[in-house]
Each structure stands twice: as C-alpha cells, then as structure tokens.
Amino acid sequence: MEKQNLNITDAKTLEAIERLLDEGKARYKQDMCEVMGMPPQNLRNIRLGLQHFTAENLRKLSKTYGVNPSFLFGISSKFYEKSTISKVKHVQQRVN
C-alpha cells in the first residue's frame, strides 16, 4: 500500500504510531486505534489519502502516549512532551 501525498499532520501521526510501536509503548496498531477512538481500517484510508486524523484522534494519542502535539502538527521535532518524560522518570524512580 503506497502512501499518497499526505498532509503534514497525517504523515507525522502515522510516523508517531510507527515509532510508538517500535519503542514498545504500544503492542498493536489496533490498540492505538482504539485509544484514538477510530476503527483500524481508518489507518488504511488515511495512508491512501481518503481520510484524515481528527483533532480528537490527535488529542487522545497525545494524552495517552505523551506525544508532543507540536510534533504531530510538524511544528516541533521534539517527539515527547517534557512533562510526560518527567512524570515517567518520577514513576520509575519510585518503583526502583
């Protein structure tokens, strides 16, 4: 399935999904789609340029996985929000 000319938000969100899977933050694309409130088949339509991620999809992805919303809009190259990284480090320190 070849990616069409995607808008920056769709391209960056698909990139974020792949990165989160590669980093083990999520196990399956289906799980991420569920978090974003969309059926998994929408990913195919988005890759083909037939559909787009909604603002609500982006909000849920950002809130759940700590992805910097500015990254999803192509404004920043910083993938994670600083506050999320600090919270994760704090939780890791408390567990250890």
Side-chain angles (χ1 to χ4, degrees):
M1 180 177 3
E2 188 176 318
K3 289 184 183 177
Q4 301 299 313
N5 288 332
L6 302 176
N7 69 42
I8 188 73
T9 304
D10 289 343
K12 288 297 203 177
T13 303
L14 289 170
E15 180 183 335
I17 289 170
E18 292 302 323
R19 181 169 171 177
L20 291 166
L21 289 168
D22 289 346
E23 291 179 356
K25 306 285 188 214
R27 294 185 71 182
Y28 304 105
K29 288 179 185 177
Q30 182 174 347
D31 296 337
M32 298 179 83
C33 287
E34 187 176 312
V35 163
M36 290 188 288
M38 59 184 247
Q41 61 265 29
N42 285 12
L43 283 181
R44 180 182 183 280
N45 292 337
I46 291 167
R47 281 192 184 93
L48 293 173
L50 302 173
Q51 246 178 299
H52 303 285
F53 289 104
T54 66
E56 186 64 10
N57 297 147
L58 302 179
R59 185 190 72 76
K60 289 177 178 180
L61 181 72
S62 178
K63 183 176 179 184
T64 303
Y65 294 102
V67 177
N68 181 359
S70 293
F71 175 84
L72 299 176
F73 285 99
I75 297 167
S76 172
S77 61
K78 189 171 74 169
F79 188 72
Y80 289 108
E81 290 185 290
K82 185 178 180 179
S83 62
T84 303
I85 294 169
S86 299
K87 288 177 188 175
V88 170
K89 285 181 182 176
H90 179 70
V91 169
Q92 286 175 339
Q93 289 171 350
R94 291 179 64 198
V95 171
N96 296 331

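Scanning for ring-ring contact (aromatic ring centres under 6.0 Å, His included) contacts around F71 gives F79, with sequence neighbours left out.
For D10 (side chain) and F53 (main-chain N/O), a donor-acceptor pair under 3.5 Å exists by modelled atom type. Between the side chain of S62 and the main chain of L58, no donor-acceptor pair closer than 3.5 Å is present.
We find the CZ-CG distance between F73 and N68 to be 11.0 Å, quoted to the nearest 0.5 Å. The distance from the NZ atom of K25 to the CE atom of M32 is 11.5 Å, given to the nearest 0.5 Å. With values rounded to the nearest 0.5 angstrom, L43 atom CG is found 10.5 Å from Q30 atom CD. A distance of 9.5 Å separates CZ of R19 from NZ of K12, quoted to the nearest 0.5 Å. Between M38 atom CE and M36 atom CE the span is 4.5 Å, to the nearest 0.5 Å. The structure places NE2 of H52 at 12.0 Å from CG of N42, a figure rounded to the nearest 0.5 Å.
Between V67 and A16, the shortest heavy-atom distance links the atoms CG1-CB, 4.5 Å. Nearest heavy atoms, K60 versus G37: NZ-CA, 4.3 Å. Residues G74 and I8 come closest through the heavy atom pair CA-CG1, 4.0 Å.
At a threshold of 4.5 Å between non-hydrogen side-chain atoms, the residues L21 and I17 count as touching. At a threshold of 4.5 Å between non-hydrogen side-chain atoms, the residues P69 and E81 count as touching. Between R44 and Q51, the closest side-chain pair of non-hydrogen atoms is not below 4.5 Å. Side-chain contact check for R59 versus E56: some heavy-atom pair is nearer than 4.5 Å. Residues I46 and T13 form no side-chain contact, since every pair of their non-hydrogen atoms from C-beta on lies 4.5 Å or further apart. Within the 4.5 Å cutoff, no side-chain heavy atoms of Y65 are placed close to those of E23.
With respect to E34 and R27, no salt bridge is recorded, no charged nitrogen being found less than 4.0 Å from a carboxylate O.
In summary, the side chains of T54 and N57 do present a donor paired with an acceptor at a separation below 3.5 Å, with no hydrogens or angles considered.
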